[in-house]
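What follows is a set of notes on a single structure, which appears directly below.
Hydrogens, waters and symmetry mates play no part in the numbers below; they use all other heavy atoms, side chains included. First the proteins, then the strands, lettered A, B, ... as listed; each starts at 1.
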Amino acid sequence: MAHERYNAPVREKHWQKIWDERQLFAAREDADGAKYYVLEMFPYPSGRIHMGHVRNYTMGDVVARAKRAQGFNVLHPMGWDAFGMPAENAAMERGVHPAEWTYANIDAMRGQLKALGLSLDWSREIATCDPDYYRHEQRLFLDFLDNDLVARKTAKVNWDPVDHTVLANEQVIDGKGWRSGAPVEQRELTQWFFTITKYANELLQALDGLDRWPEKVRIMQRNWIGKSHGALVRFELNGAPDDHAVLPVYTTRPDTLFGASFCALAPDHPLSLSLAESDEKLGAFIEECQRTGTSEEDIETAEKQGYDTGLTATHPFDPNWQLPVYVANFVLMDYGTGAIFGCPAHDQRDLDFARKYKLPVTPVVIPAEADPASFEVGDEAYIGDGRLANSKFLDGLDVDSALDSAIARLESQQVGRERQGERRTNFRLRDWGISRQRYWGCPIPMIHCDDCGVVQVPRADLPVTLPEDVTFDTPGNPLERHPSWKDVACPACGKDARRETDTFDTFVDSSWYFARFCSPRSDEPAARNAVDYWLPVDQYIGGVEHAILHLLYARFFTRAMTATGHAGVEEPFAGLFTQGMVNHETYRDAEGGWVNPADIRLEGEGKSRHAVAIETGAEIEIGPIEKMSKSKHNTVDPEDIIARYGADTIRWFMLSDSPPERDVQWTEAGVEGAWRFVQRLWRLIDEAADGAAQIGSVPENASEGPALDLRRATHKTIHSISADLDALRFNRAVAHIYEFVNTLTAAAPKLKSDAALREALDNLTIMVAPMMPHLAEECWLRLGHDTLVADQPWPQADSALIVDDTVTIAVQVNGKRRDELTIARDAAKEDVEAAALNLDNVMKAIGDKKVKKVIVVPQRIVNVVA
RNA sequence: GCGGACGUGGUGGAACUGGUAGACACACAGGACUUAAAAUCCUGAGAGGGAAACCUCGUGGGGGUUCGAGUCCCCCCGUCCGCACCA
């Protein structure tokens, strides 16, 4: 019979329809088996999926399908992170309404995802821009507000003075508005915050328990939270305005107080601003500091600069010691208290500053190996350990004891009615500002009343929906200038009042969607029975770019939801996996213009490898391998690949070769290799199926010879692939499948009527199914089954078959491999040693040397020391 | 500057707690089939030497521990990522 090619595009549609009709992947809370919640980070509906999505969702799908086969009750949902600026940009550029644009994109992307054959429960689909979703978000906000997890305070925003609009950070390019090109100003605006800092310590501590998270992500979060131990020190000021008689300063090194030579304030410190009112030069200095951009290179190249205020601060341990007080550009207002004391000998920044302004540099911590009398600090501050010197009551102490003593002394002294200082723990983490002055986001459900102040929208009035009749032809917030939307009666007094026109940061939307998926149509944000059953997410998969903000916010939100009774867990994601990016080579023509990969042909290899333009034959320069991006023209559209090769091919390629956490390089040759394998696997099954169909599927235990060898290979493969998939080592699972198919292809013609063949083919199909689900169904059908492979339980490896009776071990002489030895697995050490010494190559290598020692590691190695 | 990851053939990568380095794939070369091509199948291959059996070298570089090191320790080089004046 002539072999027919597997027609992927046609058969994939067929199987997708069948899965769909049977609602195979609909999750239920009452099903049997332990639950397993697999989630991939939901996409922003940009309109088209890209290779990153394909990689991400393929991995998640393999996990979901494998867990399902292993008997777990799996939840694997999908939704849309649908609010955000691109929709507003589209509205401005093309006059299409953000909602219309977004929903059209969702439809297009849903179709593309469905074409990938993902085992998703589409009945749980949610879009964050849907009022049915965001009304619950508003409700959560109000509940958080009632539980003191929301604050209203001022914060800086990027203000475009030409467009009269607030800009997001990514809209500020080189300090200028992306649209107007005008220099961006910092403006103080009253905004809403989630008080994530209340959980700072808990969010930090709990990282230790997240043992199924990548260490790298935990470190990043730890650094972001940035806990430090130190002290608050209150300096008495001389010559300052009355309300600034005391200057609080945060330091991690109160032990070095005797090395202090100045104090410094942030340019935007209240005291700096107050002094500037009567000091024009200071005002100019502050303005200059604020003008210095916040871009990385600005900070890096900025010189330490200061302005002497003329005030002095009294040293806490010596009333006769006065320190000059500067305003300095390197002091940050939003860390600590916005003021520092400078100890140049033991802090590099302070040292740079002191050298510039000729301030004293007194070492007070002396390294153990240095001589206290002569130890000096040059261009480098000494931040290491040592003994205190030049420090009166601290002299001779080590750093740790000195810290304690200094703090104890500060706590015992008074400045005015307060203590001079106290132990203090500080965090880098700041409260999460959630106000965005934009249209396409979830409205913040608050009302401003002249008489009652800021009032909540009553829960019964939720959702506060976005008005549809908005215009984007002028800059600024459309909600702000809408003729009537913000007009509302005050819920408290009934007087005319105004709605809050800010909307939520879109990170809010994605901070609880995993909880919503548990009960996507519930009247509550989350039905407790559902979240209690499904949460936490057992395996969360996404890009590292969300290692900090999204994951930290989601962790906060989960705690806040639990605090307000909406959930019962502290941590949302028990397991996290961050997958690498999809890269592609870049190509440029002689003029330096980017060239599409589809327009070139690669020739040669190694040093002679080069590219030519298909159309003109012109030489094309092969550039570096970079993340796929439109600007570099090195993207490949998944839809094209699916149309040409089918979903299984693209899935298989995404899982092959590269370890999932690392970047993968997209190559045309790689895809073709994957496609060839699809055909090869189909051919193997197709050709063996008629014979196999005659055989019962239960192998005879009495198998021997080639049949037994095949059974061993089958069970070894089951063993390794199970382990590979459990550990998300997809590339190794792929390699093991290849290896097994190679073995099976060789064995099949000889074992036409043996049950071992049947066992091998069936199990191969089941194991391939999570990775190439459509082809697996096709093979399963061809093998004569009337069930779906998606419903088959995962095979169990027979432990008797995964170990061989004999082992081949290497024999070394003086650490160099000289021969190998095949011997009974359970052979006695002495027998192994004797057999090894008897090998020709071994005897030759020993020569006339004397055997000093023979190391025998059973089942591993023999090493003869001569 | 601080923190982290990584470095293995022409390429992507295997190698579990130290135990036959290069599995598997891609690319390549030779062969079979074909009028021819595609597809497919078989074979070869880390480098150097040798007709071969084999030998020598070899996991970024240099030291060390060990019977034995890609794996552990120290120093250096390179690439990538995160944070960045955080007191």
Side-chain angles (χ1 to χ4, degrees), chain A residues 3 5 214-217 219-220 222-224 226-228 230 249-253 256 264 296 299-300 302-304 328-332 334-343 346-350 352-353 426-430 544-545 547-548 580-581 602 604-609 653 656-659 661-665 667-674 676-677 679-680 683 720 723 727 729 731-742 745 808-821 840-841 844-845 852-857 859-866:
Chain A
H3 165 71
R5 283 208 159 197
E215 185 58 20
K216 174 190 161 122
V217 174
I219 288 169
M220 282 198 260
R222 212 168 275 139
N223 293 342
W224 190 261
K227 185 177 187 174
S228 70
V249 153
Y250 174 73
T251 177
T252 54
R253 296 294 302 273
T256 64
E296 277 174 43
I299 290 169
E300 209 156 339
E303 213 183 327
K304 303 269 176 301
N329 64 346
F330 66 94
V331 181
L332 305 174
D334 41 17
Y335 183 78
T337 62
I340 62 157
F341 83 82
C343 174
H346 305 294
D347 182 291
Q348 193 58 46
R349 295 155 303 181
D350 298 347
D352 295 344
F353 189 80
N426 199 41
F427 290 90
R428 206 191 84 116
L429 181 70
R430 295 175 214 143
V544 241
E545 64 271 22
I548 298 173
M581 296 184 301
L602 294 166
E605 68 171 308
K607 284 200 185 80
S608 64
R609 186 170 176 275
F653 177 64
S656 312
D657 290 349
S658 283
E661 69 279 6
R662 252 190 259 178
D663 288 358
V664 64
Q665 193 194 340
T667 62
E668 203 51 41
V671 188
E672 293 202 356
R676 277 200 299 274
F677 181 69
Q679 296 301 337
R680 205 178 134 209
R683 200 177 330 115
S720 20
R729 292 181 301 221
N731 58 319
R732 297 215 310 198
V734 166
H736 282 126
I737 292 281
Y738 270 117
E739 219 167 355
F740 186 48
V741 166
N742 289 344
T745 306
T808 300
I809 59 175
V811 181
Q812 299 178 337
V813 177
N814 292 329
K816 279 204 172 77
R817 182 185 164 278
R818 293 298 173 181
D819 209 335
E820 58 183 33
L821 179 66
D840 285 350
N841 285 329
K844 210 170 90 191
K852 291 189 197 125
K853 193 170 157 192
V854 180
I855 289 146
V856 178
V857 182
Q859 296 162 41
R860 293 235 167 220
I861 206 162
V862 177
N863 191 8
V864 180
V865 187

Please pick, from [options], the nucleotide with the shortest atom-to-atom distance to any side-chain atom of [X].
X	options	result
A735(A)	U40(B), C86(B), A23(B)	A23(B)
D657(A)	A87(B), A25(B), G19(B)	A25(B)
N742(A)	G3(B), U40(B), A25(B)	A25(B)
D347(A)	A87(B), C83(B), C41(B)	A87(B)
K216(A)	A87(B), U40(B), C81(B)	C81(B)
S658(A)	G13(B), A84(B), C67(B)	G13(B)
R818(A)	A87(B), C55(B), C83(B)	C55(B)
P659(A)	G13(B), G19(B), U20(B)	G13(B)
I548(A)	C86(B), C83(B), G19(B)	C83(B)
N863(A)	G19(B), A39(B), C83(B)	G19(B)

How would you label the contact of [X] with the nucleic acid (heavy atoms, under 4.0 Å): base, sugar-phosphate, or nothing?
X	answer
Q812(A)	base
V857(A)	base
Y738(A)	sugar-phosphate
I855(A)	base
V331(A)	base

Quiz item: Does a donor on one side chain and an acceptor on the other come within less than 3.5 Å for N742(A) and R680(A)?
Solution: yes

Report the base-pairing partner of [N] (Watson-Crick or G-U wobble, both distances below 3.5 angstrom), or none.
N	result
A5(B)	U79(B)
C24(B)	G12(B)
A39(B)	none
C54(B)	G49(B)
A87(B)	none

Length of the [atom1]-[atom2] vector between [X] and [N], whole Å:
X	N	atom1	atom2	result
N814(A)	U56(B)	CG	P	12 Å
F653(A)	C24(B)	CZ	C1'	15 Å
R676(A)	A27(B)	CZ	C1'	10 Å
F330(A)	C86(B)	CZ	P	9 Å
I737(A)	A14(B)	CD1	P	17 Å
F353(A)	C85(B)	CZ	C1'	12 Å
N731(A)	C26(B)	CG	C1'	14 Å
L429(A)	A84(B)	CG	P	13 Å

Write down the distance separating the [atom1] atoms in [N] and [M], rounded off to the nearest Å.
N	M	atom1	result
A53(B)	G46(B)	P	14 Å
A36(B)	A21(B)	P	45 Å
A69(B)	U59(B)	P	11 Å
A23(B)	U8(B)	C1'	13 Å
A87(B)	G78(B)	P	29 Å
G1(B)	U20(B)	P	40 Å
A25(B)	G44(B)	P	13 Å
G82(B)	C67(B)	P	45 Å

Any donor-acceptor N/O pair, [X] side chain to [Y] backbone, under 3.5 Å:
X	Y	value
D819(A)	V811(A)	no
N863(A)	G815(A)	yes
N814(A)	A866(A)	yes

Self-check item: Considering all heavy atoms, the nearest N841(A)-R818(A) contact
Solution: CB-O, 3.4 Å

Quiz item: Given the rule in the side-chain contact (heavy atoms from CB on, under 4.5 Å) test, do I809(A) and V862(A) qualify, once you have shown the distances and angles that lead to the verdict?
Solution: CA-CA 7 Å; I809(A) 59 175; V862(A) 177; 3.8 Å; yes

Quiz item: Is the Lys NZ or Arg CZ of K304(A) less than 6.0 Å from the centre of F330(A)'s six-membered ring, within 45° of the axis?
Solution: yes

Quiz item: Going through the distances and angles, do I340(A) and D347(A) end up as a side-chain contact (heavy atoms from CB on, under 4.5 Å)?
Solution: CA-CA 12 Å; I340(A) 62 157; D347(A) 182 291; over 6 Å; no

Counting just side-chain N and O atoms, does [X] come under 4.0 Å of either OP1 or OP2 of [N]?
X	N	value
N329(A)	C85(B)	no
R662(A)	C80(B)	no
Y250(A)	A87(B)	no

Quiz item: How are the rings of Y250(A) and Y335(A) set relative to one another: parallel (under 30°), tilted (30 to 60°) or perpendicular (over 60°)?
Solution: perpendicular

Quiz prompt | Residue closer to the 5' end of RNA chain B, T667(A) versus D663(A) (nearest nucleotide) | solution = D663(A)

Quiz prompt | Along RNA chain B (nearest heavy atom to each residue), the more 5'-positioned of K816(A) and N223(A) | solution = N223(A)

Self-check item: Anti/syn call for G9(B), syn if |chi| within 90°
Solution: syn

